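Here the structure comes first, spelled out in structure tokens, and everything after it is commentary.
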2 protein chains.
Amino acid sequence: MSSVLPNLVNNGTSAAGGAASVAGASPTFSPLYQQIKVLITQSLQSGEWKPGEMIPSEVELAGRFKVSQGTVRKAIDELSAENLVVRRQGKGTFVATHHEERAQFRFLRLVPDEGEPHNPANKIIEVKRLRAPAEVARTLDIKSADSVVFIKRVQSFDGAPTILEELWLPGAIFKGLTAERLNDYKGPMYGLFETEFGTRMIRATEAIRALSADAEAAQLLGIAPGTPLLSVERVSFTYGDKPVELRRGLYLTAQHHYQNELS
Amino acid sequence: MSSVLPNLVNNGTSAAGGAASVAGASPTFSPLYQQIKVLITQSLQSGEWKPGEMIPSEVELAGRFKVSQGTVRKAIDELSAENLVVRRQGKGTFVATHHEERAQFRFLRLVPDEGEPHNPANKIIEVKRLRAPAEVARTLDIKSADSVVFIKRVQSFDGAPTILEELWLPGAIFKGLTAERLNDYKGPMYGLFETEFGTRMIRATEAIRALSADAEAAQLLGIAPGTPLLSVERVSFTYGDKPVELRRGLYLTAQHHYQNELS
DNA sequence: CAGTGGTCTAGACCACTCC
DNA sequence: GAGTGGTCTAGACCACTGG
């Protein structure tokens, strides 16, 4: 089943046999492998291949798209670099998923000053629905009238409350999300989002500041008011660079630090 | 001048003509392009090609190493991804340098909450030489008896003091470094290190925490004691993952934030 | 125009995984 | 052994830069 074969335009070369191309005008130039990358991404986004599943082999994709294996390979190379897929030699190429050790620490950068990460635990403080506040609506690119799911939770490590987080999610996407489901679910929250709501977080931006704990934060984290905290404001994006999460975290950095690599 | 041709071991393949290989036992397996990557990196490290200069073309390197252009290309691809070199289509491949707009913001992640980055200014508070404190020695992988250069400075944006930084550098490498040279130098500090001391920062790790301004920080940054500050502890590495800088920064995040991308 | 990096092909063989 | 990703080659042509 190769369904509809889109119009690939080869503005590259062709050693011998010409590559596929229904051709015509090509208003926008881009390498073949980029076009193929887009096609594969669309299949990922549409759920044709689900997180954790294997995508077709390079040879098969090459046949389907009527290009050489090397060209497919280069497309997948980039998808792999963007963490959309994971290659496993001898096995195949798999759709990336948040249900993995690997992917966990891509989004949780707070690590203990010494020792290994340890016994995380979540306590859901509050889950409710409300109309998107102006700033949230702007960030999530929705209307102010639209509903959003608001979540407040405290994350502990080894029993010590360490992170106080507030999340805003588009209500349209996260319809059946309740405190119960959040509590019942084992594993990372993004795993829940991915399997239960079909929304995979691809990348995120964070803005970090230092501020003093207010009364509520102090109470929930079990610290003195005024204690310095790391404020981490995250906007997460899914396919197509669509923002689907706003998250404000307050990190207690007495025994932990936010780890970052500059390269 | 191809000087000494090292022993390349091809554990890959060879469609027709065999690639170079004095061969023999190969205790450690690695792809040809990785071996070539190492060779190129050594040339970069040794200063055979200096920052900003063009390295030999892919075709020439392929000839020198007796491999195909595609293999050299893959090696350079990775070096480019690691920001060791910069490719410019039609021109050539150049040794990366800190004297560029491009490279500036790789290591300065503090950006204004709104508007563009603006009029940075440095004030050197202190430069002195001392024996490496235990922790500094450990971090920089030198002996406690060894001398280190200590620098304290304040960075302002649009006239507002924003960053208070303390740096420790191995005295052996930064011999003639004085407050004068730091003050006289136009452009990024890492540019100075690169051209004057032959030490290029390749990558760095940062540990971020929140803390309260002490009396000294408050005075130098013109804020009230107790104001929350971002503490950014950076260790920078040069070729061979050798640590060559320890830097502790206190960032005022009233009008700025530390920006990070999770991908 | 020549020279550079960038794309693409076709085919071969290697390394790894699983049956 | 069959199937997968990973490496390598040889050669062609494109896109871009600069003289």
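Note that the coordinates shown come from a computational prediction; the quantities given were computed from them, not determined experimentally. Letters A, B, ... are given to chains in the order of the sequence lines, protein chains preceding strands, and every chain is numbered from 1.
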Using whole Å, what does the distance between atom C1' of nucleotide C/dC18 and atom CE of A/Met54 come to?
12 Å

If we check side chain to side chain contact (heavy atoms under 4.5 Å, CB included) with B/Phe107, which of these qualifies: B/Arg234, B/Met189, B/Glu206?
B/Arg234

So, is B/Thr93 close to the C/dG5 phosphate, meaning a side-chain N or O under 4.0 Å from OP1 or OP2?
yes

With the side chain defined as heavy atoms from C-beta on, B/Ser57 is closest, among C/dG6, C/dT4, D/dC8, to C/dT4

Atom CD of B/Glu58 to atom C1' of C/dG3: distance rounded to whole Å?
12 Å

Distance, rounded to the nearest Å, where B/Glu78 contributes CD and D/dG6 contributes P:
12 Å

For residues B/Tyr251 and B/His256, establish whether the separation of their ring centroids is below 6.0 Å.
no

Measure CD1/B/Ile36 against P/D/dT7 and give the value in whole Å, please.
13 Å

Whole-Å distance between D/dG5 C1' and A/Ile76 CD1?
9 Å

Of the candidates C/dA15, C/dT9, D/dC8, the side chain of A/Ser68 sits closest to C/dT9

Run the side chain to side chain contact (heavy atoms under 4.5 Å, CB included) test on A/Val85 and A/Trp49 for me, step by step, so that the C-alpha distance in whole Å, both residues' side-chain angles and the decisive distance to 0.1 Å come before the verdict.
CA-CA 11 Å; A/Val85 300; A/Trp49 313 310; over 6 Å; no

Within less than 4.0 Å of OP1 or OP2 of C/dC18, is there a side-chain N or O belonging to A/Lys91?
yes

Of the nucleotides D/dG5, D/dA15, D/dT7, which one has an atom closest to the side chain of B/Gln89?
D/dA15

Residue pair A/Leu192, A/Leu177: steps toward the side chain to side chain contact (heavy atoms under 4.5 Å, CB included) verdict
CA-CA 10 Å; A/Leu192 172 71; A/Leu177 186 54; 4.1 Å; yes

Measure the spacing between CG of B/Asn183 and CG of B/Asn122 and express it to the nearest 0.5 Å.
8.0 Å

For A/Gln69 and A/Gly90, find the nucleotide of DNA chain C closest to each by heavy atoms; which residue's nucleotide sits nearer the 5' end?
A/Gln69

Which one, D/dT9, D/dT4, C/dT9, comes nearest to the side chain of A/Leu32?
C/dT9

For atom CG of A/Leu79 and atom P of D/dG5, their distance in whole Å
13 Å

Do any side-chain nitrogens or oxygens of A/Lys74 fall under 4.0 Å of OP1 or OP2 in C/dT7?
yes

NA contact type, A/Arg73, heavy-atom cut-off 4.0 Å: base, sugar-phosphate, or nothing?
base

Calculate the interatomic distance between B/Lys66 atom NZ and D/dT9 atom P; express it in whole Å.
13 Å

B/Thr71 side chain, from C-beta outward: closest of D/dT9, D/dT7, C/dT9:
D/dT9

To the nearest Å, how far apart are A/Asp77 CG and D/dC8 C1'?
15 Å

